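The block underneath contains the structure these notes are about, expressed in structure tokens.
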Amino acid sequence: MSARRSSRPKKLSWLLTTAASCAMTLLSMPFLWDHVTTGTLQGVQTRVALAVPSCRFFQAYLLSDLLHGVVYYRSHLTLSTGWFHHTIYLLIVEIAIRCSWAHVFCLACLLELPTFFLGISSLYPRLRSNILFAALFFTTRILYHAFLCLSFYAPDNRRKIAGGSYVPAVIFTLAFPMHIVWFVGCINGFKRRARLADKQLPASTSRVPPLVAATPTRPLLKSAWVPPALRRPHHYYRVRLSQKRQVLKQTWMYRMLPGGKEFSSILGLADACEIFICSLFILTLYPLCPFTIY
């Protein structure tokens with residue numbers, strides 16, 4: 001029981017983050033498609049009707065995460081990744097909207113993909129894959145971020161997209177070291193887990209796995225890139241679906257929450273409903289506030 005209570009604030013803190021990172025990743029796809037098909041940043045359409053509401057949605061997430069964090073998961077709302085990060089990005093997004101760079105911010109929201117994977121892994125621990133997260137993080141927040149930094153320092157892109165301003169390039173550059181620090185921490189985590197695994201091995205135990213006497217008719221997925229939940233026999237999910245079909249029909253409201261009934265019992269149905277209703281209220285009213293109109 002104590003373990004469940006200790007995991008409750010952590011999982012609750014990932015609800016909004018997972019939903020917002022998923023939404024922002026999807027909203028970046030039209031702008032990324034323009035970039036890929038045209039082969040240049042100048043070919044990315046502004047799409048004001050999509051870009052500005054997307055930026056307001058992200059601002060509403062930052063605000064609601066701070067408000068809910070104070071009440072529900074204050075221990076997980078740190079100064080660097082919480083108050084400082086969210087406040088700075090509220091200002092950055094406001095600058096992007098007022099300077100007509102909302103499409104640039106939406107293009108950069110592809111960087112939210114590893115955040116979504118990390119959040120969904122926290123809500124569903126069986127989907128966790130450290131190697132896959134590290135690969136996504138390096139591809140998006142290191143390589144793609146470095147590409148955006150260099151691209152907005154190019155005179156042609158700076159003149160045609162940012163009106164000659166260095167502000168987008170400087171913002172990308174200032175955010176890049178933070179991603180480097182996070183990635184170094186991720187690599188150090190790999191090293192730390194490897195050292196712990198070596199210490200847990202007995203001295204006489206060989207690291208070479210034993211030979212398997214019989215090979216299954218259909219080999220299972222054993223790659224470290226594949227989350228443990230997907231390493232199943234081919235008939236596993238079909239059998240499980242047939243067994244749980246009637247239960248799913250009766251408990252569909254519980255199944256709407258991450259983790260289903262198990263997650264509802266950890267968080268409490270009242271807390272889960274309250275945080276979703278408050279978030280929806282803030283997301284709806286925040287763009288209508290007078291200080292957000294430009």
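Every value quoted in this text rests on a predicted model; they were computed, and no experiment measured them. Positions are given from 1, in the same order as the sequence printed here.
Between the CG atom of L32 and the CG atom of L107 there is a distance of 6.5 Å, given to the nearest 0.5 Å. Here the CG-CZ distance, from D156 to R159, works out to 5.0 Å after rounding to the nearest 0.5 Å. Taken from CG in L50 to SG in C106, the straight-line distance is 6.0 Å, to the nearest 0.5 Å. Within the model, atoms OG of S122 and CZ of F117 stand 10.0 Å from one another, a figure rounded to the nearest 0.5 Å. Atom CG of L26 is separated from atom CD of E112 by 11.5 Å, given to the nearest 0.5 angstrom. Atom CZ of F116 and atom OG1 of T25 lie 7.5 Å apart (nearest 0.5 Å).
At distances below 3.5 Å, not a single donor-acceptor pair connects side-chain atoms of S100 with backbone N or O atoms of A96. With S165 contributing its side chain and A162 its backbone, the two residues share no donor-acceptor pair below 3.5 Å. A donor-acceptor pair under 3.5 Å is absent between the side-chain atoms of T139 and the main chain of L136, judged by distance alone.
A pairwise comparison of heavy atoms in V48 and P53 identifies O-CD, 3.5 Å as the closest pair. I97 and C55 get closest at one heavy-atom pair: CD1-CB, 3.6 Å. Closest approach of A51 to T46, counting heavy atoms only: CB-O, 3.6 Å. The minimum heavy-atom distance between L41 and L148, with the atom names listed, is CD2-CD2, 4.3 Å.
In this structure the side chain of M24 never reaches within 4.5 angstrom of the side chain of L111, judged on heavy atoms. Residues F152 and I161 have side chains in contact (heavy-atom distance under 4.5 Å, counting atoms from C-beta outward). Side-chain contact between C186 and F133 is present, with at least one heavy-atom pair separated by less than 4.5 Å.
Y166 and I95 are members of different hydrophobic clusters when ILVMFWY side chains are connected at heavy-atom separations under 4.5 Å. Cluster annotation: F147 and F138 are assigned to the same hydrophobic cluster (Ile/Leu/Val/Met/Phe/Trp/Tyr, side-chain heavy-atom contacts under 4.5 Å, transitive). W182 and I171 end up in the same hydrophobic cluster when Ile, Leu, Val, Met, Phe, Trp and Tyr side chains are linked at under 4.5 Å. A continuous path of ILVMFWY side-chain contacts below 4.5 Å connects V184 to M178, so both sit in one hydrophobic cluster.
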Side-chain polar contacts of residues 86-93 - donor-acceptor pairs under 3.5 angstrom, sequence neighbours left out - could you list them?
| from | atom 1 | to | atom 2 | distance (Å) |
| --- | --- | --- | --- | --- |
| H86 | ND1 | G82 | O | 3.4 |
| H86 | NE2 | D65 | OD2 | 2.7 |
| T87 | OG1 | W83 | O | 2.6 |

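Both tests hold for R193 against F190: distance to the six-membered ring centre under 6.0 Å, angle to the ring axis within 45°. By the 6.0 Å and 45° rule, R141 does not stack over the aromatic ring of F183.
Using the six-membered ring where Trp is involved, H179 and F137 have ring planes that are perpendicular, over 60° apart on the 30 and 60° scheme.
Applying the 6.0 Å contact sphere to CH2 of W33 captures no more than 12 heavy atoms from other residues, nucleotides or ligands.
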key: Audit row: R128, N130, side-chain hydrogen bond (donor to acceptor under 3.5 Å, both in side chains) steps and yes/no   = CA-CA 6 Å; R128 183 184 180 94; N130 295 325; 3.0 Å; yes

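In this structure, a donor-acceptor pair under 3.5 Å is present between the side chains of T173 and Y153.
Ring-centre distance between H145 and F176: below the 6.0 Å cut-off.
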